[in-house]
Structures are given as structure tokens and as C-alpha cells.
Amino acid sequence: MFFSTYARRDSDYLFHDGARPTGVLLVSTFSNKHGGAISESLGPEAIAGHLIGTFGTTIAIDHIDLQLDQSARAIAAKVARDRPSLVGISVKIGALDQLRNLMRLLLPLRYDEGTGPLLVLGGVVPTFATAALLEEFPQVIMVVREGENATAALVDYVRGERSLASVPGIAFRNESGELVATPAQRLKLAQRFLPARLTSERVHKELGGMVWAEASRGCDFNCTFCSIRDLHGGGFDGGISPESVIADLIELDRRGIRAVSFTDDDFGGVEGGDKPGQWSACDLLSAAV
Ligand code: SF4
């Protein structure tokens, strides 16, 4: 059964049990059409790390990468069994079929007492095709641009601690069916928590996939064909400290991962630039020794 019109407007069905950690399940789609390389999905790993750092033991978070575990049915069964309060799906370019398969099973899913999880879509496609996805899935919440602050605020929302309209960087249909978009809030990179690395090791060891690290986000250039400024909601931000990058690399090394690629759009920023926090590969090396 799909949501009735009434249920679509009613958040009372959202599952929350204050006696146990708030469950969050992140699911990463993938597509062979979007680059041939197998790699981990860093966005959900960064969000998971942010949630763990923010909420500690009051949250229970898991991340399923469809490259590793491809059964939508198994994911739906896990949701029914574990009863997370929030299920977030990272929608990659070329992965709409995977998304539709998942939604076909997750939208009607209800726990025993009639409650269910908040369904959230994030990543590149929800950022740039927000209205189209809300047209197809009017019951869900879209995270637009970076996901850390929005997802943490959505945890507060499912706990009943804040309103949906106060969550930054989301879009949704309100009771009148109008599209509501809230202002995005970039993560303060200087205070970032390390990526959780829930799937990195398996992607690397079982699939030979690439593992990502990041030292900055965004870019100060304005190439007209490029989505980076829109994706991050601004230009270059070099707020991640060399020490934080090294701590992440040490954690990856501890897991037996000795080769990483950086996701940075403009590693180190513009040469000669003077943005706060801007640093070079030399600073990274000196932080490592
Ligand atoms: S990330 Fe690359 S393509 Fe995009 S604006 Fe910067 S320099 Fe141009």
C-alpha cells in the first residue's frame, strides 16, 4: 500500500523509540554509466562520520553500498527488522532504476505498530533534479547540496526536537503540495568529523575499488559547464586541516588501505590564494612527519 494523502501530510507515523539509539540506514546506489571505476561512496561515509561525531552512542548507523550488496529486497528486509528512524539513499547519476526498485519496497513499508522510517534522498541527482524527483516521490525529503548538517537536523526532526521547516538544505512538499526549499548550510570543515569508513574496506578488498579522501571542498573558478559551485553552494573551502587529513589516512592505513584518491575539486585552492585555511601538499607532508 502506498501512502494515503492523509499519511503523506502526517509525520506521526515516523518511528522513534527514545529508549534506544536512533537508527539511521544510509544506502548508496551506483551506476556503470557514470564512469567505469568502482569506488566507495564517500558522501554517505562523511555523513555517517558526522552523525557519529555529533550524536555519539545515541545513534546507530549503518551504510549499505549496492556495489557490495545489490538486493533491494534484502535492504527492505533489513529495514523491517532493524526499524531505523531514517533511511537515506544517495542517488547517483544513472541509478534511477535502482532508486525506483528501492522505493517500490520502502515506500509502503510499515513497522508492526504502523510507524515507518523517514525516507530521504540525497546526492547529485536530488540536488539538481529536486522538483522532478519530488514529482515522482512526493512523500520523501530531498537533501540538496552537502548532506551533513541537513541529515543531523533530520535526526533531530525524527526525534521530535525540531520542525521540518527548520532543517537546513532540504526540499519537500508541504501540506498544500507546494515545494518548500530551505536554505542550505555548508559544513564547517574545520570542525569536521572523520568519515565513518563503514564500507571503505570492503569496497577496496572485495571489489578492488578506489577509496576516497578529501582535503577541501569546492572551487573558486566559474567554468560554465561545471556543477561544483552549485553542488557545494559556494566556492573553495580549505577548512579541513592537514592534521585531519592525516588522521583519516592513518585510519585507512590501519584498515590495510594504502592507496587513496582525493575528491578535491581544486586541491590546495588557487595558487597564491589567501583563503583562511588554505594550505599546500607541503603542509600535508609536514603534518605527517
Ligand atoms: S572544479 Fe574544475 S571545472 Fe569546475 S569550476 Fe573548478 S576548475 Fe572549473
Side-chain angles (χ1 to χ4, degrees), residues 28-47 49-50 90-96 121-133 142-151 168-171 181 183-195 200 203 209-242 244-246 248-249 252 259-285 287:
S28 287
T29 60
F30 74 98
S31 170
N32 296 327
K33 300 175 203 158
H34 186 219
I38 297 169
S39 66
E40 72 166 333
S41 186
L42 182 63
E45 292 291 345
I47 291 169
H50 184 74
S90 171
V91 188
K92 305 290 196 304
I93 293 171
L96 281 178
L121 306 184
V124 175
V125 178
T127 294
F128 292 105
T130 315
L133 280 179
M142 303 288 158
V143 168
V144 180
R145 300 190 168 126
E146 296 176 352
E148 286 95 337
N149 285 328
T151 312
I170 61 168
Q185 192 181 77
R186 286 187 87 173
L187 182 68
K188 287 187 170 55
L189 290 180
Q191 293 153 22
R192 78 147 185 178
F193 296 101
L194 295 182
S200 312
V203 170
M210 252 188 319
V211 171
W212 300 103
E214 63 176 349
S216 66
R217 291 182 185 178
C219 172
D220 275 340
F221 291 104
N222 283 297
C223 303
T224 52
F225 55 83
C226 182
S227 61
I228 288 302
R229 271 181 179 269
D230 275 340
L231 191 59
H232 292 293
F236 176 81
D237 184 344
I240 300 176
S241 70
S244 177
V245 177
I246 295 299
D248 191 26
L249 297 181
L252 290 173
V260 298
S261 299
F262 278 84
T263 58
D264 296 45
D265 309 301
D266 186 19
F267 192 97
V270 182
E271 193 178 352
D274 58 357
K275 286 214 160 183
Q278 192 164 331
W279 49 270
S280 70
C282 295
D283 299 311
L284 187 62
L285 288 174

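Counting starts at 1 for both ligands and their atoms, in listed order. The shown structure was predicted, so the numbers you read here are calculated from the model rather than taken from an experiment.
- Contacts between Cys223 and ligand 1, counted as non-hydrogen atom pairs separated by less than 4.0 Å, involve both the backbone and the side chain.
- The pair Arg192-Glu148 does not meet the salt-bridge criterion, since no charged nitrogen lies less than 4.0 angstrom from a carboxylate oxygen.
- Partner of Trp212 under the side chain to side chain donor-acceptor pair (under 3.5 Å) criterion, chosen from Ser39, Ser261, Ser41, Ser200: Ser39.
- Nearest heavy atoms, Pro44 versus Ser90: CG-CB, 3.8 Å.
- Arg217 places a side-chain heavy atom less than 4.5 Å from the side chain of Arg186.
- Protein heavy atom at the shortest distance from atom 6 (Fe) of ligand 1 is Cys219 SG, 2.3 Å.
- Atom 4 (Fe) of ligand 1 lies under 2.8 Å from an N, O or S atom belonging to Cys226.
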